[in-house]
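Structure first, then comments.
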Amino acid sequence: MKRKQNYPRLLLQWGVFVAIVLTVGWAAVSEQTVDVEKYCPFGGLQAFGTFLINNSLACSMSMVQIAMGLVLAVGVIFFSKLFCGYLCPLGTLGEAMGRVGQKLRLQINIVPGGIADRLLRGVKYALLFTILYNTFLTSELFCKKLDPYYAMATGFLGEIVVWMTVVTLCLLFVGGFFVKMFWCKYICPLGAASNIFKYFFLLIIAGLVAWILGLLGLESVWVWILAAVCVSAALLEIFTLRSWGAPTMTIVRDDDACNGCGLCQKRCPYSIAVPDLTKVRHIDCTLCGECVSSCHADALQVGGKHSMRYVPFVMTVVLFVIAVVLGQTVELPTIDLKWGNYEQLESENRVKSYSLDGLQSIKCYGSSSALAMKMEKMQGVVGLKTFVRRHGVEIFYDERLTDTVKLKRALFTPMTRKYKNPTAEMTELKVVKLGVEGLHDRMDLVYFGMALQRVKSIYGFTAEFSCPVDVTLYCAPDAVPDEDTLREVIEAEELVFPTKTETKVFPMHNELRSYREEGVVSSQEFSEVMFREIKALSGRYSKHIAACSDEEKYPRAIYELEYKAIEHVPVRGGFPYFKSFLSGKEGILSVDLALKGTMPVIRLTYVSTMWDDARIWKEIFNAPSWTIHMVDGTTKEMPPKMKFVKEGHTLSE
């Protein structure tokens, strides 16, 4: 009898697989970055869980992924495990490996419903608990460490743990080769999560228990609730092998029309005993339709109706589209935190909110948390939400203690940027004052500075908070850019910045409000202004100074080293590590950054009876490694973050 193909399913399964391969291959060839997790429903479910428990989202998760996870849950409840049956690339690979193993007669028969089959089913729930526990605890996706899809799609360059990934890859390929649907039935944590949605009454009970315990003031009960749900679902699956309450749509068998040929069970990816069932409520059923397409007696139908045969295929596509649309139009906050007397102020209707989009520094959970710590220290601020996709923030505050101007000032970071030094013949520079709207945070100023750098006659600029932001340009006196030239650069909608591997595009949302020329400054004054931000990095070591307070017993000296490289931002980023390294050197009292004319220098104040030039050069500036003192009191050895080439010397009195 000729085999009938389930073409709709094949179209989706292999269409998704080919699309992934082509996307990853194109990214590798073009050296472009591709988000391989963009449509991952499991990551979305984890992210949504962290939002419910911690009021935060994992850095790498987008609303599309969260929508995929939520839509997957809805799909399971109403239509069974459509993602598993039609879209999952690991399921497609598992089926293919099983067919190869079957043709080579190498498959081991684990009897469906037998003791081994039932006991192995508990593994995926243990793995699900482990992944969710670690994810909810840290707000970072633990599954990345071991996900075989993520490892393959990133070329093993992602956030993987090698031994974990090797184990899961072996379970996927070797396990699937020898045991039919080994990964999906026994290992897949998303399969376990999907089965829990088939026992959705467990989630309802868990939600009610969590709500009651929350009213009682108990904290961190989620661990026990998560464990209870995973254990309960595992036991239900092991002992019953069937779903309860969901899905609402199933495969229905007409006993009168059935001829008992057994083709449906043979074609079923999970070898479900369909001929023994009237309604297929087996926990493994994905509503894939393989049994329906195999039935020559027309005894099997989706929902018991011929007209519904293609409903699972259509709903898979529809739900995917719904998830994409929701992901593009709805956004959950990356963090949603309240502190202080927020609840009291809210009950008294005294909480105000200030919203601002386009803060380019709001790009992940880490940057959101850093902003939250900063705002929590500000008087009058009682809460914060951030939205990574639109780089937005919503700040909750008591208007009696602060206002929007103060909030804008807190978000703003002053900037000084030097592009180049004036030539020896250039004794003075022209000053141009600008008023610019749209420069809300440091990343706005970074992009603004990158744009201004294209105007060759500008030697540097400073930006100070004001409304609008006060920008001071220092320009060549014979080539001052006019207002129209600056407006074209500043008000561009985007900044196109080519790198060695790709062309990056950054959004710009600035407006030039005012322009005026304002006299001149000497080249020396310009150098001093540009150096102010660098000079502020200087540090003193109070513990060493106190230990060597008797200057007669511990005479001072200053070691000076020319260090022009400190003007470069990446080099400057290593200076805090250098200061930490010096803090462990007894007899080093301070490290200062200063200008000697227009040349940046590093000056070490030290106890001359404890150090000399040769030792300073060898053990400090030429040290093979740095001992860094961490905030938790521990130390860490690391390679030097700065390179020193030209030897310095002690200044004579």
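Since the model is a prediction, treat every value here as computed from it, not as a measurement.
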Handout entry: Heavy-atom neighbours of E488 CD exceed 12 at 6.0 Å
Key = no
Exercise for the section: List the steps, then state whether salt bridge (charged side-chain N to carboxylate O under 4.0 Å, His left out) holds for K433 with E517. Expected result: CA-CA 6 Å; K433 288 281 191 178; E517 295 185 24; over 6 Å; no
Handout entry: Distance-minimising heavy-atom pair for Q328 and R389
Key = O-NH2, 3.5 Å
Exercise for the section: Begin from the C-alpha positions of D403 and Y354 and carry the test side-chain contact (heavy atoms from CB on, under 4.5 Å) through to its verdict. Expected result: CA-CA 9 Å; D403 54 40; Y354 169 68; over 6 Å; no
Exercise for the section: Taking only Lys NZ, Arg NE, NH1 and NH2, and the carboxylate oxygens of Asp or Glu, determine whether E567 and K418 approach each other closer than 4.0 Å. Expected result: yes
Fill in the blank from the handout: Taken to the nearest 0.5 Å, the spacing of N510 CG from R487 CZ works out to 12.0 Å
Practice task
Salt-bridge test for E346 and K338: reply yes if a basic N is under 4.0 Å from a carboxylate O, no otherwise.
Solution key: no
Exercise for the section: Return the set of residues passing ring-ring contact (aromatic ring centres under 6.0 Å, His included) with F136 (not counting sequence neighbours), or none when no residue passes. Expected result: W222
Practice task
Scan side-chain atoms only and decide if S522 and E525 contain a donor-acceptor pair under the 3.5 Å cut-off.
Solution key: yes
Practice task
Please tell me if the side chains of L429 and P422 come closer than 4.5 Å, counting only heavy atoms from C-beta onward.
Solution key: yes
Exercise for the section: Could you tell me whether D147 and K145 have a side-chain N and a carboxylate O separated by less than 4.0 Å? Expected result: no
Exercise for the section: Look up atom CG in L439 and atom NZ in K408, then write down how far apart they are to the nearest 0.5 Å. Expected result: 12.5 Å
Handout entry: Pair Y577 + W626: ring centers closer than 6.0 Å
Key = no
Fill in the blank from the handout: Here the gap from K385 atom NZ to D336 atom CG, rounded to the nearest 0.5 Å, amounts to 4.5 Å
Exercise for the section: Give a yes or no answer on whether the side chain of N341 reaches the backbone of Q344 with a donor-acceptor pair at less than 3.5 Å. Expected result: no
Handout entry: Residue pair K430, E518: steps toward the salt bridge (charged side-chain N to carboxylate O under 4.0 Å, His left out) verdict
Key = CA-CA 8 Å; K430 191 76 173 181; E518 199 174 86; over 6 Å; no
Handout entry: Minimum side-chain heavy-atom gap D592-S590 below 4.5 Å
Key = yes
Practice task
Report yes or no: does S514 contribute a side-chain atom to a donor-acceptor pair with the main-chain N or O of G435 at less than 3.5 Å?
Solution key: yes
Exercise for the section: Please answer whether the main-chain N or O of V381 pairs with a side-chain N or O of W339 as donor and acceptor at a distance below 3.5 Å. Expected result: yes
Exercise for the section: Measure the spacing between CE of M63 and CZ of F48 and express it to the nearest 0.5 Å. Expected result: 8.5 Å
Handout entry: Partners passing ring-ring contact (aromatic ring centres under 6.0 Å, His included) against Y397 (at least two apart in sequence or in another chain)
Key = none
Practice task
Could you tell me whether the side chain of T135 and the main chain of F142 form a donor-acceptor pair under 3.5 Å?
Solution key: yes
Handout entry: For L512 against E491, the heavy-atom pair lying closest together
Key = N-OE2, 2.9 Å
Exercise for the section: Apply side-chain contact (heavy atoms from CB on, under 4.5 Å) to the pair F156 and Y150, showing each step before the final yes or no. Expected result: CA-CA 8 Å; F156 290 83; Y150 178 73; over 6 Å; no
Exercise for the section: Kindly indicate whether the side chain of N421, heavy atoms from C-beta on, has any atom under 4.5 Å from the side chain of K564. Expected result: yes
Problem - Minimum side-chain heavy-atom gap Q46-C143 below 4.5 Å - result: yes
Problem - I602 and L593, any side-chain heavy atoms less than 4.5 Å apart - result: yes
Completion exercise
Tightest non-hydrogen contact, residues S355 and E394, listed as OG-CG, 3.5 Å
Handout entry: Salt bridge E528-R532, side-chain N to carboxylate O under 4.0 Å
Key = no
Exercise for the section: Determine whether the aromatic ring centres of F575 and Y563 lie less than 6.0 Å apart. Expected result: no
Fill in the blank from the handout: salt bridge (charged side-chain N to carboxylate O under 4.0 Å, His left out) pairs touching residues 635-651, sequence neighbours excluded, are E562-K646
What pairs of donor and acceptor atoms, side-chain ones from residues 453-469 against any protein atom, are under 3.5 angstrom apart with sequence neighbours left out?
| from | atom 1 | to | atom 2 | distance (Å) |
| --- | --- | --- | --- | --- |
| R454 | NH2 | V496 | O | 2.3 |
| S457 | OG | A479 | O | 2.8 |
| S466 | OG | P468 | O | 3.3 |

Problem - Donor-acceptor pair between T598 and S527 side chains, under 3.5 angstrom - result: no
Handout entry: Parallel, tilted or perpendicular: rings of F621 and Y559 (30°, 60°)
Key = parallel
Handout entry: CG-CZ distance between L537 and F578, expressed to the nearest 0.5 angstrom
Key = 12.5 Å
Problem - Contacts of Y541 that satisfy ring-ring contact (aromatic ring centres under 6.0 Å, His included) - sequence neighbours left out - result: H544
Handout entry: Any donor-acceptor pair under 3.5 Å from T634 side chain to M630 backbone
Key = no
Exercise for the section: Determine whether L604 and I558 make a side-chain contact, defined as any pair of heavy atoms from C-beta on separated by less than 4.5 Å. Expected result: no
Exercise for the section: Salt-bridge test for E511 and R513: reply yes if a basic N is under 4.0 Å from a carboxylate O, no otherwise. Expected result: yes
Problem - Within-4.5 Å side-chain heavy-atom neighbours: V569 and R417 - result: yes
Problem - Contact check, side chains of L595 and P600, non-hydrogen atoms, under 4.5 Å - result: yes
Problem - Spatial distance of atom OG1 (T165) from atom CD1 (I160) [nearest 0.5 Å] - result: 4.0 Å
Exercise for the section: Mark yes or no for whether Y554, through its side chain, and S608, through its backbone, hold a donor-acceptor pair below 3.5 Å. Expected result: no
Practice task
Take D357 and R390, measure what salt bridge (charged side-chain N to carboxylate O under 4.0 Å, His left out) needs, and give me the verdict at the end.
Solution key: CA-CA 6 Å; D357 290 343; R390 66 174 190 261; 3.0 Å; yes
Problem - Between Y606 and T650, a side-chain donor and acceptor under 3.5 Å - result: yes
Exercise for the section: Please report the shortest heavy-atom distance between T472 and V431, naming the atom on each side. Expected result: CG2-CG1, 3.6 Å
Practice task
Flag yes if more than 12 heavy atoms outside E619 fall under 6.0 Å of its CD atom; otherwise flag no.
Solution key: yes
Handout entry: Contact summary for V432 and C475, nearest pair of heavy atoms
Key = CG2-SG, 4.1 Å
Exercise for the section: Mind checking ring-ring contact (aromatic ring centres under 6.0 Å, His included) for Y447 and listing every partner two or more places apart, or none if nothing turns up? Expected result: F506
Exercise for the section: Please name the pair of heavy atoms, one in Q65 and one in Y39, separated by the smallest distance, quoted to 0.1 Å. Expected result: CG-N, 4.3 Å
Exercise for the section: For K585, look at atom NZ and say whether over 12 heavy atoms of other residues, nucleotides or ligands are found less than 6.0 Å away. Expected result: yes
